[in-house]
Amino acid sequence: MTIEESKKLADDIVKALEDRKAKNIEIIQSPKLEAVTDFFVVCSGTSSTHLRGIADLVEEKLEEKGI
C-alpha cells in the first residue's frame, strides 16, 4: 500500500469515526523508520459500549478494504 493509499484509508476511517460521534480524533503519521504502519488514527469515546462500537466500525472498514 502506498503512502497516499494509507492516508486515504486513514481519512476514510476518520469520516466513519465522526459519523459514530467519536471524540478527540487525530491522525498521527509515524516516522518512516516504522515498518508496521504509516498512520495511527486515535480517538476516544464516551463509554465502553461506545468504544466497542467504534472498534467494530474500524474493523468493518478495514475488512471492506481487504485488510
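Index from 1, following the sequence. Atom set for the values below is all heavy atoms of this structure, side chains included, hydrogens, waters and symmetry mates excluded. Since the model is a prediction, treat every value here as computed from it, not as a measurement.
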Expected list for residues 6-17: side-chain donor-acceptor pairs under 3.5 angstrom, two or more places apart:
from, atom 1, to, atom 2, distance (Å)
Ser6, OG, Thr2, O, 3.2
Ser6, OG, Asp38, OD2, 2.7
Lys7, NZ, Asp11, OD1, 2.9
Lys8, NZ, Asp12, OD1, 3.0
Lys8, NZ, Asp12, OD2, 3.1

Counting only pairs under 3.5 Å, give me each side-chain donor-acceptor contact of residues 49-56, with atom names and distances, residues two or more places apart or in other chains.
from, atom 1, to, atom 2, distance (Å)
Thr49, OG1, Arg52, NH2, 3.4
His50, ND1, Thr46, N, 2.9
His50, ND1, Thr46, OG1, 3.2
His50, NE2, Arg20, O, 2.9

Which donor-acceptor pairs under 3.5 Å do the side chains of residues 58-67 make with protein atoms, sequence neighbours left out?
none

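Residues that satisfy the side chain to side chain donor-acceptor pair (under 3.5 Å) test with Asn24, not counting sequence neighbours, are Ser44.
Two residues are said to be in side-chain contact when any heavy atoms from C-beta on lie closer than 4.5 Å; Phe39 and Ser30 fail this criterion.
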